[in-house]
Participant: 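Starting off with a structure, shown below.
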Amino acid sequence: MVSLALFLRRQVRLTRENGTAPLMDTSLFGIRSFSTGSIATLIIALAEFGILAVLPLWLQYTLGYSVLQTGLMVFVVAVGSFFASGAGFGMAEKTGPVGLVRIGLVLEALGLLMFGLLASSESRWWVIAIALFLYGMGVGFATAQVTNVVLADVPPQQAGQGSGIQSAARQLGSALGIAILTSTFFTALDSDLSERLARQGTPEADALSSAVSGSAGAMISELSQNPETVSAADAARDAMSYGVQIDGYTCAALLVLGMLATLLIPRHRPDIRQRGGQDASSGGVPEAGADVGRTPAS
């Protein structure tokens, strides 16, 4: 973060001195839709991809899914995104890009809240599939349109710079989201499992819980094979489910912040040339102060 702050400071200085920076034209952040849209992109990426880093671990080591079954379950996210991409074409003209982003965030939050409310060691596959389908639809709506929102008012000659900055914000958010949410998951797993084992009277509960979290849950299958540690394996499954619940709530809260960030994005106004053409075709008179082309005097 310190390196990023120093990089941005240097780019701001170079932009002011030379008009354009070698890597990043920070003058683009003077465009309100671009700056607020980039912030929304960063926050959305924090929540969108962090849950996918821990979900396969939960499916395999808590619910006992095979690698193939886990892959098929995660594939439901792609199915939801594909469905949303097709539906978005007909909805774009009615709701606009910002509206589609907000619809996507709501759907994502609903899917993640289902994990927060319903994740357990006995979760049914169809409940997980519904949650992932809603989540995938939300990703399809939000991710497909957020770029249009960010670049709506960026001048065409700076579109490449704008697109690069927006992509960097998305990648930064994804990396931070994975780091934060996996840390949250394993911290919740370790602390919750330690408490469960202590209540069971398991010797060296802290060491055992650290070993389970250190193995990312892979140790659960080994514990379940030993009759003396079956109860510890059950506690570990419940603790992993608790970690998924915490991540589900955390991601949903981040998406609410992303929704609030979209409220700061100004509505895109039609180009003045389009307004002028519409006024002329309807017989209207341009407003005072409008930039009207004049024919040079001969």
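This is a predicted model, so every value here is computed, not measured.
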Participant: Hey, is the main chain of Gln69 close enough, under 3.5 Å, to the side chain of Ser66 for a donor-acceptor pair?
Facilitator: yes
Participant: Just to verify, which of Ile246, Asp247, Val244 counts as forming a side-chain contact (heavy atoms from CB on, under 4.5 Å) with Phe115?
Facilitator: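 The passing option is Val244.
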Participant: Do the side chains of Leu254 and Leu172 join up, straight or via other hydrophobic residues, at under 4.5 Å, putting them in one cluster?
Facilitator: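 Hydrophobic grouping puts Leu254 with Leu172.
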Participant: Is there a donor-acceptor contact under 3.5 Å from the side chain of Gln171 to the main chain of Ala168?
Facilitator: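 No, Gln171 side chain to Ala168 backbone: no donor-acceptor pair under 3.5 Å.
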Participant: Determine whether a donor-acceptor pair (N or O, by modelled atom type, separation under 3.5 Å) exists between the side chain of Thr187 and the backbone of Thr184.
Facilitator: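 Between the backbone of Thr184 and the side chain of Thr187 there is no qualifying donor-acceptor contact (under 3.5 Å).
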Participant: Would a hydrophobic clustering, with Ile, Leu, Val, Met, Phe, Trp and Tyr connected at side-chain separations under 4.5 Å, put Val256 with Val139?
Facilitator: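 No; tracing contacts between hydrophobic side chains, which count when under 4.5 Å, never links both residues.
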Participant: What pair of heavy atoms forms the shortest contact from Ser241 to Thr62, and how long is it?
Facilitator: OG-CG2, 3.6 Å
Participant: Atom CG of Asp153 and atom OG of Ser35: how far apart are they, to the nearest 0.5 Å?
Facilitator: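 Rounded to the nearest 0.5 Å, the CG-OG separation comes to 10.5 Å.
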Participant: Donor-acceptor pair, distance only, cut-off 3.5 Å: does the side chain of Ser194 make one with the backbone of Asp190?
Facilitator: no
Participant: I'd like to know if the side chain of Ser163 and the backbone of Gly160 have a donor-acceptor N/O pair within less than 3.5 Å.
Facilitator: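 The answer is no, because no donor-acceptor pair under 3.5 Å joins these two groups.
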Participant: Between Asn148 and Pro97, what is the shortest heavy-atom contact and its length?
Facilitator: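 Smallest heavy-atom distance, with atoms named: CB-CB, 4.3 Å.
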Participant: Is Phe75 linked to Val54 within one hydrophobic cluster, defined over Ile, Leu, Val, Met, Phe, Trp and Tyr using a side-chain heavy-atom separation of less than 4.5 Å?
Facilitator: yes
Participant: Side-chain contact test, heavy atoms from C-beta onward, threshold under 4.5 Å: evaluate it for Trp58 versus Ser123 and give yes or no.
Facilitator: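 In short, these two side chains touch, coming nearer than 4.5 Å.
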Participant: Starting at CG of Leu100, measure out to OG1 of Thr95 and round the result to the nearest 0.5 Å.
Facilitator: 3.5 Å
Participant: Does Tyr65 use its side chain to pair, donor to acceptor, with the backbone of Thr70 at less than 3.5 Å?
Facilitator: no
Participant: Looking only at atom types and distance, does a side-chain atom of Ser221 sit under 3.5 Å from a main-chain N or O of Ala218, one as donor and one as acceptor?
Facilitator: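 Yes; judged by distance alone, with no hydrogens or angles, the pair exists.
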Participant: Please report the shortest heavy-atom distance between Ala236 and Leu189, naming the atom on each side.
Facilitator: O-CD1, 4.1 Å
Participant: Give, for atom CZ of Arg9 and atom OG1 of Thr26, the distance between the pair rounded to the nearest 0.5 Å.
Facilitator: 13.5 Å
Participant: State the OG-CZ distance between Ser231 and Arg196, to the nearest 0.5 angstrom.
Facilitator: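 Between Ser231 OG and Arg196 CZ, I get 12.5 Å after rounding to 0.5 Å.
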Participant: Does some side-chain heavy atom of Gln158 sit less than 4.5 Å from a side-chain heavy atom of Ser27?
Facilitator: yes
Participant: Taking Arg32 for the side chain and Gly37 for the main chain, is one N or O donor matched with an acceptor at less than 3.5 Å?
Facilitator: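 No, because the side chain of Arg32 does not come within donor-acceptor range (under 3.5 Å) of the backbone of Gly37.
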Participant: Is the backbone N or O of Gly140 less than 3.5 Å from a side-chain atom of Thr143, with the two atoms forming a donor-acceptor pair by type?
Facilitator: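 Checked: no pair found.
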Participant: Has Phe29 got more than 12 heavy atoms of other residues, nucleotides or ligands less than 6.0 Å from its CZ?
Facilitator: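 It does: Phe29 CZ has more than 12 such atoms within range.
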Participant: For the residue pair Ile51 and Leu181, what are the closest heavy atoms and their distance?
Facilitator: N-CD1, 4.0 Å
Participant: Hydrophobic clustering (ILVMFWY, side-chain heavy atoms < 4.5 Å, transitive) - are Ile39 and Leu263 grouped together?
Facilitator: yes
Participant: Is the CD atom of Gln157 crowded by more than 12 outside heavy atoms at less than 6.0 Å?
Facilitator: yes
Participant: When you check the side-chain N and O atoms of Thr262 and Arg102, is any donor under 3.5 Å from an acceptor?
Facilitator: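 Their side chains do contain a donor-acceptor pair, which is all the 3.5 Å distance test asks for.
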Participant: Tell me the closest heavy-atom pair linking Leu151 and Ala159, and the distance in Å.
Facilitator: CD2-O, 4.5 Å
Participant: I'd like to check Gln245 versus Leu117 (side-chain heavy atoms, cut-off strictly below 4.5 Å). Are they in contact?
Facilitator: no
Participant: Does a side-chain heavy-atom distance below 4.5 Å link Ile220 with Arg237?
Facilitator: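 The answer is yes, as the side chains (C-beta and beyond) meet within the 4.5 Å cut-off.
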Participant: How far does CG of Leu63 sit from CE of Met240, to the nearest 0.5 angstrom?
Facilitator: 9.5 Å
Participant: Check step by step if side chain to side chain contact (heavy atoms under 4.5 Å, CB included) holds for Leu28 and Ile31.
Facilitator: CA-CA 6 Å; Leu28 288 173; Ile31 303 173; 4.1 Å; yes
Participant: Any link between Phe83 and Leu105 through a network of hydrophobic side chains (Ile, Leu, Val, Met, Phe, Trp, Tyr) touching at under 4.5 Å?
Facilitator: yes
Participant: Can you measure from OH (Tyr242) to CD (Glu195) and round to the nearest 0.5 angstrom?
Facilitator: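 The distance works out to 8.0 Å.
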Participant: Any heavy-atom pair between the side chains of Phe141 and Leu107 that's under 4.5 Å?
Facilitator: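 When only atoms from C-beta onward are counted, Phe141 and Leu107 do touch, with a gap below 4.5 Å.
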Participant: Just wondering, are more than 12 heavy atoms of other shown residues or ligands nearer than 6.0 Å to CZ in Phe186?
Facilitator: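 Yes, because the 6.0 Å sphere around CZ of Phe186 holds more than 12 heavy atoms from other groups.
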Participant: Please walk me through it: do Thr202 and Thr229 pass side chain to side chain contact (heavy atoms under 4.5 Å, CB included)?
Facilitator: CA-CA 9 Å; Thr202 303; Thr229 56; over 6 Å; no
Participant: If we only count heavy atoms from C-beta on, is the Ile103 to Met137 side-chain gap below 4.5 Å?
Facilitator: no
Participant: Can you confirm whether Met114 sits close enough to Val127 that some side-chain heavy atom of one is under 4.5 Å from a side-chain heavy atom of the other?
Facilitator: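 Of all side-chain heavy-atom pairs linking Val127 with Met114, at least one is under 4.5 Å.
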Participant: Quick one, Leu132 and Ile128 - any side-chain contact, counting heavy atoms below 4.5 Å?
Facilitator: yes
Participant: Any idea which heavy atoms bring Ala239 and Asp192 closest together, and the distance?
Facilitator: CA-OD2, 3.4 Å
